[in-house]
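The structure under discussion appears below in the form of structure tokens.
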Amino acid sequence: MHKLFIAITISTLAVFTSVTMSQNSTSSPYTRYGLGYMNNDGFGLNKAMGGTGFALRSNSNINPLNPASYSAIDSMSHIFEFGFMGQVGQLSDGTSSQVDYDVNISELAMAFPITNWMGFTAGIEPISLVGYEYSVSDLATDPVSGISYRFSGSGGITQAFAGVSVKPLKNLSLGVNAAYYFGSNIYYRSISFEDNPDYSSINTTEDINVGAIHPTFGIQYVQPIGRNYSLTLGGIYELETDLNATQTIETVRTVGGTSQIPTILEQRTNESIGMGIPESYGFGLALEKNNQFTITGDYYIQNWQNAEYYGRTDTLNQRTKISAGFEYVPNYLAQNYFQKVQYRLGTHYSNNYFKVNGEELVDFGISFGVGLPRRYSKTRFNIAFEYGWMGTSNRNLISENYAKLSINFSINSFWFIKRKFE
């Protein structure tokens, strides 16, 4: 049974890889900067609790935010998770607004115990998204012809990861993830004269490809408090990683109104450029009453100011994220279905890792969700809703309000149980 499960999972991961490369999408002008929108909110359990996870341990849900949590998986079970996320975003510059809709596959992973003191997890998920399209007209520079600037981008970076966690002591867990980052970001920009097609237009297409291994280390320590409570301390550390990025770029000038062959002004193919993922670290606390409620909080720092971006280390900022979450189960042993449901709340606050027009952007969101159990099983149907906002309409910038709906299936089944009746 478990060999068939692993075979099916590996096949699904291969299909998921090709799908994520072609279908992940977003519609935010701020994804033009850096590597795009960085996704580090975890899976279904984490998303409903503000993106927390450094100190969370679950035997029925995968927590990818701290690899030390994998040792919490039940010794006779395996978990298969996959999820989707839809987003509605409203962009406003203070005078006008537009609404965009996006749907993405958010994660796919499996987890199972190797021994009663060791757990294993493997999966794939997008870690950054790029998707934008907008134009700007400049009549002040040339009021006769009207210069039009157009910008668009698409793509993102995906991670395929595998991790293991061990319990060298009863209350101590250590873990490590090895992730392979791959993908490409494609940027397009053009300059044209809308009112005079006889003028030349200039079009630039840039393709950035990455491929690198990025490790994450985790630790969790559980301290019992009396008979019913426990306090978990968790921490993670991510090494600074060179993304081995290459750039292919082509700039073409086209003379409007003629049949001339476009002139190539610049062309480079697969040239190495300096881009990296920064050193990062975080820690969290979680207070839990057995099978009833959990209160948790995380603090996370990404040192982007030390990471290379186009060969420089002075273009990005340090990013700090603070998040908190709460989960409550009225009575997991009750006959009443709704008393066994996991009710979750969360919030997060972070600054972005880049500035626009000298303005530091912040991202704030609140979330809530439920974990709906299947009867007589630890299988969960996780739903999370998040509302938040990012950016500002000051200094000719754009404010972005968003609403996200995440749907996650956490399928949990048992191994090694010998049937008494055939």
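Heavy atoms only: backbone and side chains are in, while hydrogens, waters and symmetry mates are out. Computed from a prediction, not measured in an experiment: that's the story for all the values here.
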Could you work out, with side chain to side chain contact (heavy atoms under 4.5 Å, CB included) as the rule, every residue matching Leu231, not counting sequence neighbours? Ile225, Leu233, Leu287
Using the side chain to side chain contact (heavy atoms under 4.5 Å, CB included) rule, pick out the option among Val341, Asn290, Asn291 that qualifies with Tyr332. Asn291
Strictly below 4.0 Å, N to O, side chains only: are Glu206 and Arg189 in salt-bridge contact? yes
Side-chain ion pair, Arg344 and Glu327, N-O less than 4.0 Å: yes
Proximity of [X] and [Y] rings by center, below 6.0 Å:
{"X": "Tyr387", "Y": "Phe385", "result": "no"}
{"X": "Phe409", "Y": "Phe381", "result": "yes"}
{"X": "Tyr309", "Y": "Phe354", "result": "no"}
{"X": "Phe293", "Y": "Tyr328", "result": "no"}

If only atom types and distance count, is the side chain of Asn66 paired as donor or acceptor with the main-chain N or O of Ala68 below 3.5 Å? yes
Does the Lys289 side chain pair with the main chain of Gln292, one donor and one acceptor, at a distance under 3.5 Å? no
Give me the ring orientation class for [X] and [Y]: parallel if the planes are under 30° apart, tilted from 30 to 60°, perpendicular past 60°.
{"X": "Tyr132", "Y": "Tyr134", "result": "tilted"}
{"X": "Phe161", "Y": "Phe43", "result": "tilted"}
{"X": "Tyr180", "Y": "Phe182", "result": "parallel"}

Report yes or no: is the cationic atom of Lys404 (NZ for Lys, CZ for Arg) under 6.0 Å from the centre of the six-membered ring of Tyr402, at an angle within 45° of the ring normal? yes
Does the ring of Tyr188 carry Arg150 above it, NZ/CZ under 6.0 angstrom from centre and within 45° of its axis? no
Counting C-beta onward and ignoring hydrogens, is there a side-chain heavy-atom pair between [X] and [Y] closer than 4.5 Å?
{"X": "Tyr353", "Y": "Met38", "result": "yes"}
{"X": "Leu397", "Y": "Tyr30", "result": "yes"}
{"X": "Trp304", "Y": "Asn306", "result": "no"}

Assess, by modelled atom type and distance only, whether the side chains of Thr232 and Gln220 contain a donor and an acceptor separated by less than 3.5 Å. no
Pair Ile202, Thr251 - check side-chain contact (heavy atoms from CB on, under 4.5 Å), show working. CA-CA 7 Å; Ile202 298 176; Thr251 301; 3.7 Å; yes
Would you list the pairs meeting ring pair (Phe, Tyr, Trp, His ring centres under 6.0 Å) in which at least one residue belongs to residues 268-288, sequence neighbours left out? Phe283-Tyr299
